[in-house]
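The structure displayed is predicted, hence computed values, not measured ones. Throughout, protein chains are lettered first and strands after them, A, B, ... in sequence-line order, and every chain is numbered starting at 1.
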Amino acid sequence: MIREVVRQLIDDAVQRAQEDHALPPVAVPEVTVERPASEAHGDYASSLALKMARAARLSPMAIAGAIATHMAPPPSIAAVDVAAPGFINIRLSPQWLAQQVDVVLEAGPAFASTDVGRGRRVQVEYVSANPTGPLHVGTARGAALGDSLARVLQQAGYEVEREYYVNDAGSRMDAFNASLYARYAEQFGVDIPIPEDGYPGEYLRDVAAAIAATEGRRLLDIPEGEALLELGRRGVEIILAGVRDDLERLNVRFDSWFHEQWLYDHGLVDRALAFLRERGYVVEREGAIWFTSSSLGEDKDNVLVRSNGLPTYFASDVAYHYDKLVRRSYDRAIDVWGADHQGHVPRMRAVVGALEADPSRLVILLYQLVNLVRQGRPIAMGKRTGSYITLREVLDEVGPDAIRFFLLGRSPDAMMDFDLDLAKAQSDVNPVYYVQYAYARIASIMRRAEGTAFASGDVSLLTHGAELALIRKMLALPEVVADAAFALAPHTLPYYAQELATAFHAFYKDCRVISDDLDLTRARLKLVAACQTMLATTLGLIGVRAPEHM
RNA sequence: GCCCCCGUAGCUCAGUGGAGAGAGCAGCGGACUUCUAAUCCGACGGCCAGGGGUUCGAAUCCCUUCGGGGGCGCCA
């Protein structure tokens, strides 16, 4: 990555300047390089001299000058300038830029890769919606965020596992089972009320009907306890199949579906509780069993086992994270949760402490909730209230690409309105089409150029400003990937995608690719092919299609 | 009451200590005998919610006020 080359160059120059006594032997802050806002300031800039000024007791300009004169710039760098009040500005060589087209073509999608992950094992857990009903757009935000984060981390050299945690145990399931039982009975004209805290949504009618279709009324004739369990099991399967289909349509896939019930069946909950107990983090009080999180700096303790003997969701989550961090020992576990789970965060942090794991190994990424809006008015949502617009309906209405691009394109901290009318408008308000159109244009050029072999093209012919601007933008992709992986912030990708598309559209306007000049045609076809790879890679990270036609 | 997130152009939002604060959309003015005009170019548009502080330097960090959202269960 060229940014790293520049950074290293400055780092070396500072050391050399210190050896030459041009700079005093003070501690050097970490060298950072950024892309200046203004093109007049070159391709990269460093404010190192400004940061060093106080300790070195020299003016920033003097320091920057000393660094610049001790630099040994490689051919990739055309100019090193010092600018007030003390910036070091670095400009890339146009010839070198043009040559990068061959480098991109040679590397393919791997050009976008970096190795900041160094093969470390990271698990990303996301969606993990209760299997009590179909997904809605809110969970789709978690899906877009988690899936793209996983893709980015992979591109950045991590070994990534994507996991969906299925909450198929606990009191929510009891409510689900009873609700389904009522709907099943309804199929046969038997009136059983849906529990107060149950799931009155229409969708359970369909689930019940599907079970009734294969089982008839058999489940009404066996003991209720057995029927509840069997119905629940079948119901969860049906719901999960739907969830899987919806996610598949969204281009979201998982490596593993981890069932909460598995933790109970294999004694993991008991084992995790024993682990806490041995270390003195468990007390019994008021008939319940508590995790003494307050001894780990949290404001309160938390119940692990209720006074009625049933473990809480928290207990299995302790076991689940014991499994992630101790048994499966991921270097890092990233939980992607909706902001409505924020109350769960402090106690999970306390759990990591109790597990004697480095706190940085568990990262909890919260995303703010999504309001579904139609014609400017919010639509109330809730699985338990029954009023509900499913992700499937939105997928039918809007299409997966616009959904993903939109849901990923905002910082997880920003709450958002998902406006159905806006989202389905295939117009300028929808940047996903702008980016995809750039790809379709490329595909069109490549089709037209099918008979033209361009492997021998001479990229040094690429000297036009629009060509160089496009190359510059392409070279930024590995930086975007590295930064997104570092900050766990894949929402930068849609922005980058738009910038890359803009650079291409501008090039397309200014530079005719296929022309009478065969040499130039070949060179430009190389550039277009390289851009195609980078654009496809970017769209792939976002999780949307790269269409051949539009 | 306590805790978390947010407040930046008319609208939707980038910008996690650096150079007159950016993009898209809307509105305004231009560009198609051309590989897809779902495109391009230009101008307009800002007390970065208010107030204090830290710093050579603050939209960014700290304190505080106001406004919006979320959370404070032996639910998940």
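- Counting non-hydrogen atoms under 4.0 angstrom, A:Ala53 reaches nothing in the nucleic acid.
- Across all strands, A:Ala45 comes closer than 4.0 Å to base atoms (heavy-atom distances).
- Note on ring orientation: taking the six-membered ring where Trp is involved, the planes of A:Trp337 and A:His321 are perpendicular (angle over 60°, cut-offs 30° and 60°).
- Note on A:Arg512: a base of the nucleic acid sits closer than 4.0 angstrom, heavy atoms only.
- Note on A:Arg35: nothing from the nucleic acid sits closer than 4.0 angstrom, heavy atoms only.
- Stacking of A:His41 onto the six-membered ring of B:rA19 is present: less than 5.5 angstrom between centres, less than 30° between planes.
- Between the side chains of A:Tyr44 and A:Arg35, a donor-acceptor pair is found at a separation under 3.5 Å.
- In this structure, the ring of A:Tyr434 has its center less than 6.0 angstrom from the ring center of A:His505.
- In this entry the base of B:rG15 is anti relative to its sugar, with a glycosidic angle more than 90° from 0.
- For an aromatic pair to be called close, the ring centres must be under 6.0 Å apart, and A:Phe418 with A:Phe406 satisfies this.
- Closest to the side chain of A:Ser38, out of B:rG20, B:rA19, B:rC35, is B:rG20.
- As judged by a 4.0 angstrom heavy-atom cut-off over every strand, A:Ala438 is placed among residues making no nucleic acid contact.
- For A:Tyr313 and B:rG73, the shortest distance from a side-chain N or O to OP1 or OP2 is not below 4.0 Å.
- Distance from the side chain of A:Tyr434 is smallest for B:rC40 among the nucleotides B:rG18, B:rA76, B:rC40.
- On the P atoms, B:rA38 is 15 Å away from B:rU33, given to the nearest whole Å.
- A donor-acceptor contact under 3.5 Å links the side chain of A:Asn89 to the base of B:rA19.
- Residue A:His491 is in sugar-phosphate contact alone, with no base atom involved, counting any heavy-atom pair closer than 4.0 Å across all strands shown.
- Here, B:rA58 and B:rG18 have their C1' atoms 10 Å apart, quoted to the whole Å.
- Closest to the side chain of A:Gln342, out of B:rC4, B:rC40, B:rA37, is B:rC4.
- If you find the closest nucleotide of RNA chain B to A:Leu50 and to A:His344, the one lying nearer the 5' end belongs to A:Leu50.
- Of the candidate nucleotides B:rG20, B:rG18, B:rC75, B:rC75 has the atom nearest to the side chain of A:Arg306.
- Nearest to the side-chain atoms of A:Glu286 among the listed nucleotides B:rC74, B:rA38, B:rG17 stands B:rC74.
- Evaluation of atom-type donor-acceptor distances gives a pair under 3.5 Å for the side chain of A:Ser307 against the base of B:rC74.
- If A:Met550 and A:Asp340 are placed on RNA chain B by their nearest nucleotide, the residue sitting closer to the 5' end is A:Met550.
- Considering only the side chain of A:Lys300, B:rC72 comes nearest among B:rC72, B:rA19, B:rC40.
- Stacking of A:Arg441 on the aromatic ring of A:Tyr508 is recorded, both the 6.0 Å distance cut-off and the 45° axial limit being met.
- Using a 4.0 Å heavy-atom cutoff across all strands shown, A:Ala440 reaches at least one base atom of the nucleic acid.
- Within 4.0 Å of A:Ser411, counting heavy atoms only, lie sugar-phosphate atoms of the nucleic acid but no base atom.
- In the interface, the side chain of A:Gln368 is not paired with the base of B:rG70 through any donor and acceptor atom under 3.5 Å apart.
- Close to B:rA76, at under 4.0 Å from its OP1 or OP2, lies a side-chain N or O of A:Ser171.
- In this structure, A:His341 places its NE2 atom 15 Å from P of B:rG73, rounding to the nearest Å.
- Salt-bridge formation is detected for the pair A:Lys324/A:Glu125: a Lys NZ or Arg NE/NH1/NH2 atom is positioned less than 4.0 Å from an Asp or Glu carboxylate oxygen.
- The nucleotide whose nearest atom lies closest to any side-chain atom of A:Tyr508 is, among B:rA76, B:rC40, B:rA37, B:rA37.
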